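A short worksheet on the structure shown next.
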Amino acid sequence: MTVNIAQTCIGCGACVAECPYGAIDIGPESTAIVNPSVCVNCEQCIAVCPVQAISLPPELRHIVKDLEPDHHGSCNSSTDLPASSEAMADMTPTRDLVWVLAEHENNVLASVTLELIGAATDLARKLGSTVGVLLLGDNPECLISTLQDHGADKIYIVNHHVLANYRTEPFMQCVVKLVQKYSPDILLMGATTLGRDLAGAVATDLQTGLTADCTQLDIDIEKRILLASRPAFGGNIMATILCLDHKPQMASVRPRVMQALAPVSGRYCEVIYESIELSEESISKKVLQIVRDNIERVKLDEAKIIVAGGRGMREQNGFEMLKELANILGGVVGGSRGATESGCLEIKRQIGQTGQTVAPTIYFAFGISGAIQHVVGMQRSEVIIAINPDRNCAMMKMATYPIVGDAYTIIPELIKQFSQVMASRQQEGSHE
Amino acid sequence: MHIVVCIKQVPDAAQVKIDPITNTLDRSSAPAILNPYDEHAVEAAIAIKKQFGGKVSVISMGPMMAKDIIKKCISMGADAGYLLSDRSFAGSDTLATSYILTMGIKKIMEADPVDLVLCGKQAVDGDTAQVGPGIARRLNFPVLTYVQKVESIEAGTIIVQRKMDNGYEIVSCPLPCLLTVEKDISELGYASLPEMIRAAKYDVITWGVNIIAADTTKMGLKGSPTSVRKIFAPEERVGGEPLEGDIKTVTGILVSKVMEKLS
Ligand SMILES: Cc1cc2nc3c(=O)[nH]c(=O)nc-3n(C[C@H](O)[C@H](O)[C@H](O)COP(=O)(O)OP(=O)(O)OC[C@H]3O[C@@H](n4cnc5c(N)ncnc54)[C@H](O)[C@@H]3O)c2cc1C
Ligand SMILES: Cc1cc2nc3c(=O)[nH]c(=O)nc-3n(C[C@H](O)[C@H](O)[C@H](O)COP(=O)(O)OP(=O)(O)OC[C@H]3O[C@@H](n4cnc5c(N)ncnc54)[C@H](O)[C@@H]3O)c2cc1C
């Protein structure tokens with residue numbers, strides 16, 4: 001017997017793992033192949049195929065059952081929480097099963113840390129558990145209260161001068177030792193320069209699974225496992241990745257995607273000091289110098305207003321106008337690869353897959369078509385305003401306020417009206 | 001100086017198309033290329049070889065088709081090319097991939113000790129950036145990620161610039177070690193005619209699972225802790241109705257909406 005594998009097969013192997021008879025394998029073309037002498041048409045593979053590439057041969061089709069419904073809820077819904085926490089009590093002690101690595105530079109917290117604690121709180125609640133935070137550094141205690149206020153239930157501190165400047169090996173040693181000592185179920189890190197450097201090393205040492213650069217996290221409540229979803233193939237598709245038989249389930253999470261919790265001062269939090277033996281002599285890597293760009297950093301990631309331009313702006317002059325508009329609004333100028341490629345915009349202002357990820361309150365898109373690689377970097381903007389003569393382009397379709405028109409006629413009018421409103425606002429302010 | 005560069009064959013991301021009806025990837029439309037970061041890694045290795053002498057080996061895990069990228073690296077000036085290819089490797093996640101590549105590198109090391117391993121910062125398809133740090137851990141080499149420049153190699157110590165979010169740091173590290181590199185690490189050159197001829201004639205060294213003496217329980221789907229549960233289309237944002245008409249009026253509406261939001 002056999003099942004048919006369509007060309008849409010992506011070779012993910014979900015069916016191989018599922019097949020109780022070992023009848024499926026990944027072939028030389030990186031797609032699934034079926035051994036007809038072993039296959040019994042049990043249909044289990046059909047249910048798990050993420051791209052619906054598997055089907056019964058036509059003559060057997062009438063018995064195809066409905067695919068298993070997707071029964072896990074979204075990250076924010078509370079309807080799928082366990083009915084009572086008592087029901088969970090005998091299954092799990094309220095231990096901090098969900099851990100977050102606190103990332104900071106010279107004791108200045110990276111914003112992703114609080115976002116991770118927010119996400120971890122949601123996951124922990126679904127597991128009937130709490131959140132633990134790992135804080136490693138040289139006298140990092142000053143960060144305790146911020147972590148505590150934003151949702152840390154337990155903080156594990158390793159304070160050592162060797163941890164002053166980040167280096168993979170000593171940080172890895174600390175994380176691995178703490179994980180081995182306390183066995184959390186889930187460990188999250190930021191998908192930042194530091195987090196991506198550390199996570200791969202830690203996962204290899206612990207011989208566990210690590211999902212990269214996630215943008216959605218959830219729990220399969222029944223199986224109590226992490227559902228980590230990440231964009232793949234340049235944002236064209238999303239993939240949900242599981243780590244079934246290994247703990248901790250690790251994930252690196254993209255900054256500015258998860259939501260930090262509003263701080264509550266004086267929340268209860270337990271602080272645990274861990275001493276781990278580290279010596280400078282045993283670390284062969286030395287940081288000789290840290291060089292900061294002396295050019296002013298483009299704070300796109302923190303901006304509340306971003307005025308972005310694309311290839312449709314055509315020339316430098318257009319970007320001068322965008323700069324003027326940004327100045328009036330107290331915003332920052334950014335743009336698409338169309339703009340950086342044309343030489344009208346510095347590369348460090350590029351937004352998207354190969355640029356920065358932003359989430360401002362207001363995002364202006366002048367002459368940007370909305371290619372997926374651009375959209376992945378700005379889709380979490382609260383309000384999107386698109387100005388484009390092509391009403392059918394992707395950016396116009398996703399914009400909160402799409403304006404059909406030519407940027408060059410609209411920008412001068414926007415500059416005029418905004419400067420009037422801003423000026424009168426300031427006057428009001430000075431009268432009070 | 002013996003440098004090993006890990007190279008991966010990837011679909012040309014610029015040309016991956018998605019079928020709008022089935023929402024699946026049409027990979028056949030995208031030609032397979034050498035991962036761009038890895039190309040810069042190979043070029044950087046050749047530059048180091050030119051300065052200090054020695055040998056550059058490239059290694060890839062993948063199907064037989066990946067011989068193409070190995071030959072390309074030979075034409076760029078690499079001395080030897082190894083392809084790890086075996087049915088049992090298929091479906092490996094990053095933990096398993098780093099294991100297989102490590103076993104391959106160890107096999108190369110048996111005959112010829114390795115001073116430096118280079119990887120790309122990330123592969124443009126899988127995009128995890130996890131394989132390099134994984135190999136380093138397994139070889140017990142220190143790892144330097146995001147390297148944008150090699151400043152010096154002297155008395156068994158390498159000094160590099162690591163790219164950071166807002167600048168870079170200069171780090172020293174004794175050899176052997178593993179670097180993952182940014183594109184800034186090197187300028188791409190052109191293959192010379194004799195090198196192209198050598199590449200065309202070059203017989204890629206192909207190793208299966210038995211030759212690298214790898215444990216089959218640690219590879220492929222069964223040896224991979226992660227698995228893909230499902231693939232779906234990203235959530236689409238649905239926008240509002242287009243604003244049209246007289247510029248002054250449209251702008252006026254917009255300005256008041258923005259001010260409302262900001263107050
Ligand atoms: C691997 C990879 C990574 C990438 N990474 C990024 C990334 O990080 N960021 C990114 O942005 N892109 C990225 N891209 C490129 C992306 O695919 C698009 O090519 C790019 O975003 C297009 O830029 P654009 O919208 O400015 O230009 P176009 O797509 O050319 O759009 C120009 C728009 O301007 C409009 N227009 C024309 N005249 C006017 C006018 N007078 N007034 C107003 N509008 C006008 C047009 O109608 C059109 O919609 C990447 C691509 C690949 C393959
Ligand atoms: C949709 C999807 C999502 C996935 N998500 C995950 C995930 O979250 N976690 C996970 O563990 N696996 C994941 N995988 C599996 C992963 O893509 C493969 O393990 C892949 O072989 C290696 O990962 P990468 O392409 O991300 O490489 P990267 O780690 O990004 O590659 C970095 C460098 O390592 C070297 N390298 C990588 N692969 C090879 C190779 N085959 N041969 C030689 N050198 C190589 C190259 O120098 C490369 O520049 C996913 C696969 C799919 C299809």
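Everything numeric here is computed off the predicted structure, so don't read it as measured data.
Contacts between B/Val131 and chain A at a heavy-atom distance below 4.5 Å are absent for every atom of the residue. Both the backbone and the side chain of A/Leu288 come within less than 4.5 Å of a heavy atom in chain B. Residue B/Lys248 touches chain A through both its backbone and its side chain, counting heavy-atom pairs closer than 4.5 Å. With a 4.5 angstrom heavy-atom cutoff, B/Val255 touches chain A via backbone and side-chain atoms both. For chain A, the nearby parts of B/Tyr168 are the backbone and the side chain; heavy atoms of each come within less than 4.5 Å. A/Ile384 touches chain B through backbone and side chain together, each having a heavy atom under 4.5 Å away.
Side-chain contact between A/Asp197 and B/Arg162 is present, with heavy atoms from C-beta onward closer than 4.5 Å. Residues B/Val258 and A/Phe418 meet the side-chain proximity criterion, which asks for heavy atoms closer than 4.5 Å.
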Apply side chain to side chain contact (heavy atoms under 4.5 Å, CB included) to A/Glu169 and B/Val143, showing your working. CA-CA 8 Å; A/Glu169 290 75 15; B/Val143 60; 4.0 Å; yes
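No side-chain donor-acceptor contact under 3.5 Å links B/Lys163 to the backbone of A/Thr193. At distances below 3.5 Å, not a single donor-acceptor pair connects side-chain atoms of B/Arg138 with backbone N or O atoms of A/Thr204. Formation of a donor-acceptor pair under 3.5 Å by the A/Arg196 side chain with backbone atoms of B/Thr128 is found in this model.
A/Arg230 has no carboxylate O lying under 4.0 Å from a charged side-chain N of B/Asp127, or vice versa, which leaves the two without a salt bridge.
Proximity to chain A at a heavy-atom threshold of 4.5 Å picks out B/Leu95 from residues 94-105 of chain B, in numerical order.
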